[in-house]
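Throughout, a chain's letter reflects where its sequence line sits, starting with A, and its residues are numbered from 1. Since this is a predicted model, take the numbers as computed values, not measurements.
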Amino acid sequence: ELKVEQNPLFLSMQEGKNYTIYCNYSTTSDRLYWYRQDPGKSLESLFVLLSNGAVKQEGRLMASLDTKARLSTLHITAAVHDLSATYFCAVGKSYNTDKLIFGTGTRLQVFP
Amino acid sequence: EAQVTQNPRYLITVTGKKLTVTCSQNMNHEYMSWYRQDPGLGLRQIYYSMNVEVTDKGDVPEGYKVSRKEKRNFPLILESPSPNQTSLYFCASSLYDSRQTAFFGQGTRLTVV
């Protein structure tokens, strides 16, 4: 059964610092997603990673995928307050379905 | 404006009273999906649809039904709601399948008493 684990669950970081959120999954998958959710709001799709070694960047966020290690990282560069949110990763359950399994989320707070 | 619209946004209902949460998208997307979000359990997929008349179960389909009679609409039906279906529900759509960027609705907060 596919399990998706995110680390850390909570992250409090100072503006200007760098940090990485990790997403591990337990069985082979061909796709991984990152989402952002602001408090009380809906989800926003950030990245879709579809192959081993895929790297995508948007502003201060960069996501990568290592399918052999079953690991994705979301790297935050020079954090700013506007990045405070909860970040979720999700993994495709298998190659022949569109089922998704979500991680539990990482709540990020960026303070001055 | 490209959007996914859910209705209602908030709903309080009683156990056993059938209800429908509507989801409509104006982007001509083929793929649509329903999720529920619960504290401590995160997001879980309920059902998804690859196209008109094509639906499949997600991770937690029990107690829910869906239909996809038109491309733009993907209603979530609770035939006999129970308190354990109290949750925050999100609908999402993407162009062809889950491999494209997903667009989410605003969410529906459902309370079953």
Side-chain angles (χ1 to χ4, degrees), chain A residues 1-10 21 23-27 29-52 54 56 58 61 63 65 67 85-107, chain B residues 2-7 9-10 21 23 25 27 29-51 54-61 64 66 68 74 87-109:
Chain A
E1 183 185 344
L2 174 61
K3 293 191 186 304
V4 181
E5 290 186 352
Q6 282 183 240
N7 288 290
L9 297 182
F10 299 98
I21 299 171
C23 176
N24 292 86
Y25 53 100
S26 60
T27 64
S29 176
D30 62 345
R31 56 201 189 282
L32 188 137
Y33 311 81
W34 284 98
Y35 304 94
R36 168 185 172 144
Q37 186 178 35
D38 292 308
K41 303 288 186 184
S42 185
L43 284 93
E44 175 189 354
S45 183
L46 294 174
F47 303 109
V48 181
L49 303 169
L50 299 177
S51 60
N52 185 40
K56 292 196 175 180
E58 180 76 31
L61 300 176
L65 177 62
T67 58
T86 298
Y87 293 85
F88 293 94
C89 66
V91 178
K93 193 167 185 178
S94 65
Y95 291 98
N96 58 355
T97 80
D98 269 77
K99 293 183 182 180
L100 298 183
I101 304 295
F102 283 77
T104 47
T106 296
R107 186 170 175 184
Chain B
Q3 57 187 10
V4 179
T5 304
Q6 292 178 231
N7 279 297
R9 295 287 312 278
Y10 303 91
V21 184
C23 175
Q25 48 92 6
M27 296 169 277
H29 284 174
E30 294 187 0
Y31 181 87
M32 298 184 75
S33 187
W34 276 103
Y35 305 90
R36 61 178 288 175
Q37 184 174 28
D38 302 287
L41 296 175
L43 283 137
R44 293 176 291 171
Q45 190 180 39
I46 304 171
Y47 268 97
Y48 63 93
S49 170
M50 299 294 289
N51 211 326
V54 181
T55 63
D56 207 348
K57 296 176 181 178
D59 220 35
V60 288
Y64 304 94
V66 292
R68 188 94 182 272
F74 190 43
S87 188
L88 178 58
Y89 291 88
F90 290 103
C91 177
S93 74
S94 51
L95 187 56
Y96 297 120
D97 57 30
S98 63
R99 289 163 179 77
Q100 288 84 43
T101 299
F103 295 82
F104 286 81
Q106 324 93 297
T108 295
R109 186 166 292 281

Checklist line | Side-chain donor/acceptor of A/T104 to backbone N/O of B/G42, under 3.5 Å | finding: no
Item checked: Contact origin within B/D97 toward chain A - heavy atom pairs under 4.5 Å -> both
Note to self: Using heavy-atom distances under 4.5 Å, tell me whether A/I101 contacts chain B through its side chain, its backbone, both, or neither.
What the structure shows: side chain
Checklist line | A/F88 vs B/Q37 side-chain heavy atoms within contact, under 4.5 Å | finding: yes
Next item on the list: Search all heavy atoms of A/S45 against all heavy atoms of B/A102 and return the closest pair with its distance.
Entry: CB-O, 3.3 Å
Notebook entry, point to check: Which bit of B/F103 comes within less than 4.5 Å of chain A, counting heavy atoms only: side chain, backbone, both or neither?
Noted result: neither
Next item on the list: Please state whether the side chain, the backbone, both or neither of A/Y35 comes within less than 4.5 Å of a heavy atom of chain B.
Entry: side chain
Notebook entry, point to check: Roughly how far, to the nearest 0.5 Å, is the OH atom of A/Y33 from the OG1 atom of B/T101?
Noted result: 10.0 Å
Notebook entry, point to check: With a 4.5 angstrom heavy-atom cut-off, which part of B/Y31 approaches chain A: side chain, backbone, both or neither?
Noted result: side chain
Note to self: Less than 4.0 angstrom from a charged side-chain N to a carboxylate O is my criterion; do B/R99 and A/D30 meet it?
What the structure shows: yes
Next item on the list: Can you establish whether the number of heavy atoms outside B/Q3 located under 6.0 Å from its atom CD is more than 12?
Entry: yes
Checklist line | B/R9 atom CZ: more than 12 heavy-atom contacts under 6.0 Å | finding: yes
Next item on the list: Among B/G107, B/G105, B/S94, B/A92, single out the residue with the greatest number of heavy-atom pairs under 4.5 Å to chain A.
Entry: B/G105
Next item on the list: First locate atom CG of B/D59, then atom CG of A/L100, and finally report the distance between them rounded to the nearest 0.5 Å.
Entry: 9.5 Å
Notebook entry, point to check: Just wondering, are more than 12 heavy atoms of other shown residues or ligands nearer than 6.0 Å to CZ in A/R36?
Noted result: yes
Notebook entry, point to check: What part of A/L43 gets closer than 4.5 Å to chain B, counting heavy atoms only: side chain, backbone, both or neither?
Noted result: both
Checklist line | From CZ (B/R44) to NZ (A/K99), nearest 0.5 Å | finding: 14.5 Å
